[in-house]
Visitor: 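One structure, pasted below without further comment.
Proteins come first, then strands; the chains are lettered A, B, ... in the order of their sequence lines, and each starts at number 1.
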Amino acid sequence: MAKAFRGGIRFSETLRAAKETALHVPLCVFTPHIIHLPLQEGRTNFSPTVIDGVHVRVGDVVATDPTGNTPPIHSGLSGTARVEKNSRLTPDGKPCTVISVIGDGLKTAAIPLPPLSNTADPSSIVQRMYDGGLVGLGGAGFPTFRKYKDKTAHHLLINACECEPYLACDGRLVIEQTDTVREGINYLMHAGSVPESGVRLCAESDAVTEGLHRIADGTRWKVVRLPERYPQGSEKQLIRAVLGLELPQGVYPADWGILVSNIGTAAAMADAANGLPLTHRAVTVSGVVAKPRNLFVPIGTPFRELAAQTEPLITGRQSQLIAGGAMTGRRLVCADAGLPKTCGGVLVLPIESEEESPCIRCGACVRVCPSGLMPYLIDQAWLQQEDGLCADLKATSCISCGCCSRVCPARRQLAARITHIRRKGG
Amino acid sequence: MSFSQKHAPPYLRAHRRTLAIMSDVCVSLTPSSVAAVWFFGLRAMWMLLTAVGVSFVTDRLSARLHGTSHPFDGSALVTGMILALSCPVGIPLWLLAGMCIVAIGVFRDALGGIGANLFNPAMAARALLLTSFPAYLSGYALPHAVSSATPLSGGDAALIPLLFGRVNGSIGETSAVLILLGATYLLIRRVIRWQIPVLSVAAFAFVIALDGGDVLRHILSGSLLFGAVYIFTDYTGSPTTPLGEILFAVGVGALTAMLRLWGRYPEGVCFAVLIMNLLTPLLDRLTRPRVYGTKRKERSA
């Protein structure tokens with residue numbers, strides 16, 4: 001198969017083997033004693049709908065976004081809610097209000113929302129996306145209801161390309177929850193008014209592709225097997241590979257009639273349609289560990305407890321805990337913080353030297369950049385504070401995949417700098 | 001600045017750092033170095049030791065003068081070895097040492113340090129001293145050879161010695177087989193890519209053939225192969241874009257042939273590289289990859 005998108009990285013045998021191992025570990029339910037739900041995510045500030053000390057059930061709304069741009073947050077445990085202002089129990093350690101639920105061990109469920117019928121119209125599915133607390137579970141966390149609202153799309157891409165090293169929980173969803181995922185895709189398809197023949201299920205490994213074929217059985221959905229190449233799961237690269245299209249910078253695919261949703265979002269959609277809001281998610285606990293685990297846990301489960309579910313091969317000062325993938329995740333500042341909705345991985349990784357040496361112009365970053373940028377030149381321009389040159393080099397087209405930093409023999413923090421430039425707007 | 005680069009993703013980094021890449025180049029130069037001592041005697045060894053030693057000392061001294069705290073990255077050793085191997089056995093050691101000092105101290109570090117220097121340091125220093133002390137750079141003789149003429153300066157060598165190195169010339173550039181052995185190693189280790197060596201030799205051969213020359217003999221003699229593997233591929237002096245690399249390779253190969261055929265000096269590698277080094281920033285600029293979601297025309301000029 002031809003290389004479907006520009007650049008990218010094929011990971012080493014060792015890393016691919018680690019993923020393959022994790023892909024064979026069944027999902028296992030794990031319930032912690034406490035969960036922490038921070039009320040600040042990016043620029044969204046949620047307001048608590050519970051007061052300190054009140055009893056909540058699984059599925060109860062504990063916070064909403066007053067602007068209505070982001071769906072509400074639901075509790076994944078039953079027990080006593082605690083609202084703590086200026087808590088540092090957040091992944092980045094920055095203080096904000098955090099709702100903690102101390103579990104009572106009973107798993108009492110809230111009264112479910114009324115199930116949607118199979119013939120529900122798009123607007124009621126979209127309303128359910130909101131009520132069910134759905135956000136994109138692939139990483140970016142874009143509110144699902146906003147993506148699907150009033151859209152008439154021609155394509156729906158269901159993304160099961162888990163291209164990050166180590167992670168395999170999405171693959172497990174495909175393999176284990178065939179019916180749920182199929183149902184979810186059906187709702188997503190109707191919500192976006194996508195014709196049945198416009199649905200593409202995409203994966204990059206044999207086991208997952210096989211699972212997708214079972215999901216697509218009896219439908220007109222097409223399964224697309226893509227080459228194993230990072231960042232195949234990135235929205236832009238996926239659209240390029242599957243539909244042969246490149247969207248201009250700053251355009252939402254949904255506005256061009258292309259909807260892309262993660263397989264986890266599809267599974268969560270099915271649950272929401274059946275009345276269960278998004279309170280749990282699948283997560284892979286892996287890295288340099290004896291045995292990787294795939295867990296199905298309440299959102300807000302403390303990272304430390306997740307990491308304790310496996311046996312790290314490195315400890316103490318040599319190791320660090322990463323929330324998310326090894327390429328795009330974040331190092332945890334506070335290991336007691338809770339798992340966010342968007343986080344599909346907890347990794348124990350060795351701390352590597354971050355000492356930068358001068359760029360030797362080897363050009364590796366240019367060859368791997370999936371956006372066609374010249375990372376080393378942007379790095380140079382940034383260090384010389386040439387903002388105009390950064391814009392000229394199209395720094396804003398960066399997708400923060402981290403390929404450039406990964407291959408750099410001088411260990412330059414290319415991706416981190418370019419991401420910084422992009423965030424502040426070129 | 002508000003930006004903290006500490007602990008930023010990705011958390012998987014390449015384990016091969018600059019020092020490892022430079023070490024690989026040194027390893028790949030070993031067969032040619034051993035052969036140099038075999039063919040040209042102990043003096044070749046003294047040349048190599050002098051060049052590497054002086055380069056290392058210059059590198060450390062210059063780092064201190066420039067106030068940089070970067071650990072030793074091995075590039076000075078590569079420059080030293082390349083300089084020694086591209087000189088004739090008759091060169092005075094003081095001149096070789098001077099070349100190393102000029103290469104590292106001036107053409108590399110004073111022009112911005114590794115990655116930022118415009119010229120290939122070894123070739124720039126060689127060119128400077130070749131033109132300043134022309135007499136010392138022409139003693140190409142094998143110790144026991146009858147004629148001191150090199151294949152390029154009118155000497156007549158059979159093809160077999162050209163392949164294995166028993167000819168007059170710069171001490172490290174005489175054996176095509178050993179250079180290709182080094183190239184194979186570098187390709188396997190992915191230190192270099194095939195584009196520049198292969199395309200530059202092809203362009204060279206094309207120009208020689210146009211002129212009606214003996215293509216094979218021209219390719220095997222002089223420093224073309226050594227240059228194609230070790231000098232044209234220098235990261236700093238060659239473009240970083242895939243298309244830029246191709247244009248660079250074609251340009252440097254063709255220029256080498258033209259300078260060799262019609263130039264004042266017998267060999268053209270050195271000046272061809274310097275000219276193309278100057279064009280590298282322009283080539284990089286003109287051949288920027290197409291940014292995702294833009295058309296080629298939209299690419300900013």
Side-chain angles (χ1 to χ4, degrees), chain A residues 5-6 11 15 165 236-237 240 246-249 251 320 322 324-331 347 349 352-367 369-374 376-377 392-394 397 399-400 402-403 405-411 413 415-417 419-420, chain B residues 1-22 68-75 112-117 190-193 233-242 244-245 280-281 284-285 287-296 298-301:
Chain A
F5 63 91
R6 183 194 191 277
F11 287 113
L15 282 176
K236 287 179 166 181
Q237 276 54 45
R240 174 73 185 79
E246 286 189 9
L247 304 185
Q249 163 71 18
V251 165
Q320 55 184 344
I322 308 298
M327 295 295 288
T328 59
R330 285 303 303 196
R331 180 184 183 168
L347 303 177
L349 291 177
E352 298 186 26
S353 155
E354 292 190 331
E355 198 182 327
E356 292 185 299
S357 51
C359 166
I360 56 171
R361 277 181 50 97
C362 65
C365 56
V366 179
R367 290 192 291 275
C369 181
S371 295
L373 303 177
M374 308 263 282
Y376 79 99
L377 282 182
D392 182 42
L393 290 164
K394 300 249 192 323
S397 289
I399 58 165
S400 303
C403 286
S405 297
R406 157 80 182 160
V407 297
C408 180
R411 293 235 168 133
Q413 295 279 17
R417 290 209 185 96
T419 303
H420 175 73
Chain B
M1 239 164 262
S2 63
F3 167 66
S4 157
Q5 65 188 57
K6 268 190 102 68
H7 316 312
Y11 301 98
L12 294 173
R13 307 302 291 268
H15 282 281
R16 191 161 63 159
R17 306 204 55 177
T18 307
L19 181 59
I21 292 175
M22 298 302 165
T68 54
S69 57
H70 301 299
F72 181 64
D73 63 18
S75 65
I114 185 168
N117 49 278
R190 300 195 181 181
V191 173
I192 62 171
R193 290 150 21 97
T233 54
D234 171 31
Y235 291 150
T236 304
S238 60
T240 50
T241 63
E245 268 183 349
T280 289
D284 262 340
R285 185 188 174 78
T287 59
R288 279 187 201 161
R290 186 180 61 81
V291 174
Y292 182 103
T294 62
K295 298 215 172 71
R296 275 233 168 257
E298 285 177 42
R299 195 187 50 210
S300 48

Visitor: Which one, Gln249(A), Met374(A), Gln320(A), Arg240(A), leads in non-hydrogen pairs under 4.5 Å with chain B?
Guide: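 Highest number of pairs under 4.5 Å: Met374(A).
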
Visitor: Between Arg16(B) (side chain) and Val407(A) (backbone), is there a donor-acceptor pair under 3.5 Å?
Guide: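 No: the side chain of Arg16(B) does not pair with the backbone of Val407(A).
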
Visitor: Looking at Ser405(A), is its backbone amide N or carbonyl O close enough to the side chain of Arg13(B) to form a donor-acceptor pair, meaning the two atoms are under 3.5 Å apart?
Guide: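 It does hold such a pair.
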
Visitor: Out of Pro358(A), Gly363(A), Pro248(A), Ala364(A), return the one with the most heavy atom pairs under 4.5 angstrom to chain B.
Guide: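 Most heavy-atom pairs under 4.5 Å with chain B: Pro358(A).
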
Visitor: Side chain, backbone, both or neither: which part of Ser238(B) has an atom under 4.5 Å from a heavy atom of chain A?
Guide: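 Backbone of Ser238(B) only, per the 4.5 Å heavy-atom cut-off to chain A.
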
Visitor: Which answer fits Asp73(B), side chain, backbone, both or neither, if we ask what part of it has an atom under 4.5 Å from a heavy atom of chain A?
Guide: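 Looking at Asp73(B), nothing touches chain A.
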
Visitor: Would a 4.5 Å heavy-atom cut-off, applied to side chains only, mark His15(B) and Glu352(A) as touching?
Guide: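 When only atoms from C-beta onward are counted, Glu352(A) and His15(B) do touch, with a gap below 4.5 Å.
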
Visitor: Is it true that a side-chain atom of Tyr292(B) and a backbone atom of Lys236(A) form a donor plus acceptor pair closer than 3.5 Å?
Guide: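 Answer holds: yes.
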
Visitor: Compare every heavy atom of Thr18(B) with every heavy atom of Ser357(A), then report the nearest pair and how far apart it is.
Guide: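 Where Ser357(A) meets Thr18(B) most closely, the heavy atoms are OG-OG1, 4.0 Å.
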
Visitor: Less than 4.5 Å to any heavy atom of chain A: does that hold for the side chain of Ile21(B), its backbone, both, or neither?
Guide: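 Looking at Ile21(B), just its side chain touches chain A.
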
Visitor: Looking at chain B, which one of Gly329(A), Gly324(A), Ser400(A), Ser397(A) has the largest number of heavy-atom pairs inside 4.5 Å, strictly under?
Guide: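 With the most close heavy-atom pairs to chain B, the winner is Gly329(A).
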
Visitor: Side chain of Arg367(A), backbone of Pro242(B): donor and acceptor closer than 3.5 Å?
Guide: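 Side chain of Arg367(A) to backbone of Pro242(B), a donor-acceptor pair under 3.5 Å: no, none is there.
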
Visitor: I want to check something: taking the side chain as every heavy atom from C-beta on, are Leu12(B) and Arg406(A) in contact at a cut-off of under 4.5 Å?
Guide: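 Leu12(B) vs Arg406(A): side chains touch.
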
Visitor: Considering residues, nucleotides and ligands other than Glu355(A), do more than 12 of their heavy atoms fall under 6.0 Å from its CD?
Guide: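 Not buried by this count: 12 neighbours or fewer within 6.0 Å.
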
Visitor: To the nearest 0.5 Å, how far apart are CG in Asp234(B) and CD1 in Ile360(A)?
Guide: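 The CG atom of Asp234(B) sits 9.5 Å away from the CD1 atom of Ile360(A).
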
Visitor: Just do the side chain to side chain contact (heavy atoms under 4.5 Å, CB included) check on Thr280(B) and Arg361(A) with the steps written out, would you?
Guide: CA-CA 11 Å; Thr280(B) 289; Arg361(A) 277 181 50 97; 3.2 Å; yes

Visitor: Quick one, Glu246(A) with Arg290(B), criterion side chain to side chain contact (heavy atoms under 4.5 Å, CB included). Give me CA distance, side-chain angles, the key distance, then yes/no.
Guide: CA-CA 11 Å; Glu246(A) 286 189 9; Arg290(B) 186 180 61 81; 2.8 Å; yes

Visitor: Could you check if a side-chain atom of Leu347(A) sits within less than 4.5 angstrom of a side-chain atom of Tyr11(B), using non-hydrogen atoms only?
Guide: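 Side chain of Leu347(A) against side chain of Tyr11(B), heavy atoms only: no contact under 4.5 Å found.
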
